[in-house]
Protein chains: 2
Amino acid sequence: MSNNQFKRGELYSVINGMATTAVARRLQKNFRNAGLELTIEQWSLLYHLWKEDGLSQQELGTRTFRDKASITRLIDNLEKLGLVERVASKTDRRINLVCLTLAAKPLQQITYELANQTMQEALNNITKDEIEIVKNVFQRVYDNLTSPDLI
Amino acid sequence: MSNNQFKRGELYSVINGMATTAVARRLQKNFRNAGLELTIEQWSLLYHLWKEDGLSQQELGTRTFRDKASITRLIDNLEKLGLVERVASKTDRRINLVCLTLAAKPLQQITYELANQTMQEALNNITKDEIEIVKNVFQRVYDNLTSPDLI
DNA sequence: GACATATAGTTAGTTATGCAACTAATTCAA
DNA sequence: TTGAATTAGTTGCATAACTAACTATATGTC
C-alpha cells in the first residue's frame with residue numbers, strides 16, 4: 001500500500017477543491033460589484049488573450065484545461081459580448097484565431113486589479129513558500145493524470 | 001503592497017485549480033470504466049451520507065460547499081436513480097432528511113476503492129508533508145473568504 | 001395571539017462542463 | 001494521387017453551478 005493512501009475521511013476535501021471554488025466565487029462577486037458583466041470563465045480566456053492575442057481555440061483549450069466544445073461556447077458568448085472575434089487562419093483553414101476587439105481593451109486593467117485584490121483577500125496569511133508548494137504540487141498532480149503513458 | 005501579491009502571470013493557474021479538475025475528471029472516468037452510472041457530484045453527496053445518514057439538504061450543502069438549489073437538483077437525480085429518498089422531519093416540517101436506500105449500499109465499497117485508486121494515481125510522488133501543507137492552505141484560503149467579518 | 005423575521009426547500013433562468021458524433025480541412029503513405 | 005488517419009471546430013445531449021424569486025414552516029417579540 002502506498003504511503004500516499006488517504007484516510008477515507010480525507011478523500012473528499014481534496015477532490016472537491018473547495019478553496020479554489022471559493023476563490024472563483026469571490027472573484028465573480030467582485031466582478032459583479034464592479035458592474036462587470038463577465039463570468040470568470042469568460043475572463044479566463046481574455047486573460048490568456050491579453051498575454052498573447054490571436055490564439056487558436058485549441059490552444060486556448062490547452063491553456064485553460066478545457067475541452068474544445070467548452071471553448072466553442074465560451075467564444076460564442078464572448079463574441080456576443082463583442083469582446084473577441086474569430087478570424088480564419090490564412091495558412092490553415094481549419095483554424096480560428098481568436099482576436100480581442102477594441103471593446104476588450106478597457107477591461108484588462110480593471111479585471112487585473114480585481115483579480116489581484118481577490119487573491120490578496122484569499123491569500124491573506126498564506127506565505128510565499130506555501131504558495132510555491134501548492135503550485136508545485138498542483139502541477140505534479142496534473143502531470144500525473146495527463147502524462148501520455150498513463151492515458 | 002502585500003508580500004502575497006501574485007505576479008500577474010501566475011494568477012490564473014491558482015484560481016483555475018486545474019489539478020482538482022483533473023482529479024475529478026479522472027475519478028469520473030474510473031467510475032465510468034467500472035460501469036458506474038454516477039457523477040462525482042452525486043457521489044460526493046453519497047460520500048457524506050455514508051459517513052452520516054439522514055442529513056438535511058441544508059447540512060449537505062454546508063458540507064459539500066454547494067448552495068441549496070444545487071443540492072435540490074442533486075437529490076432529485078439521486079432519487080431518480082433510487083439511491084436516496086427524502087424523509088420529512090417529524091420535529092420540523094420544513095426539513096427533508098436525506099436517507100440512503102438499500103440500493104446505495106453496494107456502491108460504498110467499490111466507489112471508495114475507485115476513489116482511493118484515483119488518489120494514488122494523482123498523488124504518486126507527492127509526499128505526505130506536501131499533502132498536509134496543501135490541505136492546510138486550502139482550509140485557510142477557504143476561511144479567509146468565508147469568515148463572517150469579511151462578508 | 002399576531003405580525004415580522006428567519007429558515008428549509010423549490011423553481012426559473014442563464015451559464016458552463018464533458019462526452020460523443022459530426023463536418024471540413026490537412027497530412028501521411030502506399 | 002488517392003485513400004486513410006489526424007486535427008480543428010461545431011452541435012446535441014445530459015448534468016451541474018449560481019442568483020433571485022417564490023412557498024411553507026418556525027421563531028421571536030410585542
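Side chains are part of it too, since the values below use all heavy atoms of this structure and drop only hydrogens, waters and symmetry mates. Bear in mind the structure is a predicted one, so any value in this text is a computation, not a measurement.
The closest side-chain heavy-atom distance from N33(A) to L114(A) is not below 4.5 Å.
Each of V137(A), D143(A), V141(A) was scored for a side-chain contact (heavy atoms from CB on, under 4.5 Å) with Q139(A), with one residue passing: D143(A).
Using a cut-off of 4.0 Å between Lys/Arg side-chain N and Asp/Glu carboxylate O, E130(A) and R140(B) are scored as salt-bridged. Residues E52(A) and R63(A) are paired through a salt bridge, judged by an N-O separation under 4.0 Å between the basic side chain and the carboxylate.
One can place CD of Q57(B) at 16 Å from P of dT25(D), the figure rounded to the nearest angstrom. If you take CG of L78(B) and P of dT15(D), they are 11 Å apart, rounded to a whole angstrom. Separating the CD atom of E37(A) from the P atom of dC18(D) is a distance of 18 Å, rounded to the nearest angstrom. If you take CG of L55(B) and P of dA8(C), they are 13 Å apart, rounded to a whole angstrom. A straight line from CD1 of I95(B) to C1' of dA24(D) spans 13 Å, rounded to a whole angstrom. Distance CG (L97(A)) to C1' (dA8(D)): 12 Å, rounded to an integer number of Å. The distance from atom CG of N96(B) to atom P of dT23(D) is 18 Å, rounded to the nearest whole Å. The CG-P distance, from L45(A) to dG9(D), rounds to 13 Å in whole Å.
In terms of phosphate contacts, Q58(B) brings a side-chain nitrogen or oxygen within less than 4.0 Å of OP1 or OP2 of dG9(C). Under 4.0 angstrom from either OP1 or OP2 of dT10(C) there lies at least one side-chain N or O belonging to T72(B).
Residues L83(B) and A104(B) come closest through the heavy atom pair O-CB, 3.5 Å. Residues V87(B) and C99(B) share a closest heavy-atom pair of CG2-SG, 3.8 Å.
Side-chain polar atoms of R26(A) and N30(A) form no donor-acceptor pair below 3.5 angstrom. Side-chain N/O atoms of E113(A) and Q109(A) include a donor and acceptor closer than 3.5 Å.
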> What dot-bracket string describes DNA chain D from 5' to 3', counting Watson-Crick and G-U wobble pairs whose defining distances are under 3.5 Å, with [ ] for crossing pairs and | for pairs to another strand?
Replying inline: ||||||||||||||||||||||||||||||

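Using a 4.5 Å cut-off between side-chain heavy atoms of Ile, Leu, Val, Met, Phe, Trp and Tyr, with links allowed through other members, I126(B) and V134(B) fall into the same hydrophobic cluster. Both Y112(B) and V84(B) belong to a common hydrophobic cluster when Ile, Leu, Val, Met, Phe, Trp and Tyr are linked at side-chain heavy-atom distances under 4.5 angstrom.
Atoms CD and NE2, on E59(A) and H48(A) in that order, are 9.5 Å from each other to the nearest 0.5 Å.
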> Reading nucleotides 13-23 of chain C from the 5' end, what letters show protein touch, with B for base, S for backbone sugar-phosphate only, - for no heavy atom under 4.0 Å?
Replying inline: B-SSBBB----

Short N/O separations, protein against nucleotides 24-28 of chain C, under 3.5 angstrom:
from    : atom 1 : to     : atom 2 : distance (Å)
dT26(C) : OP1    : R93(A) : N      : 3.0

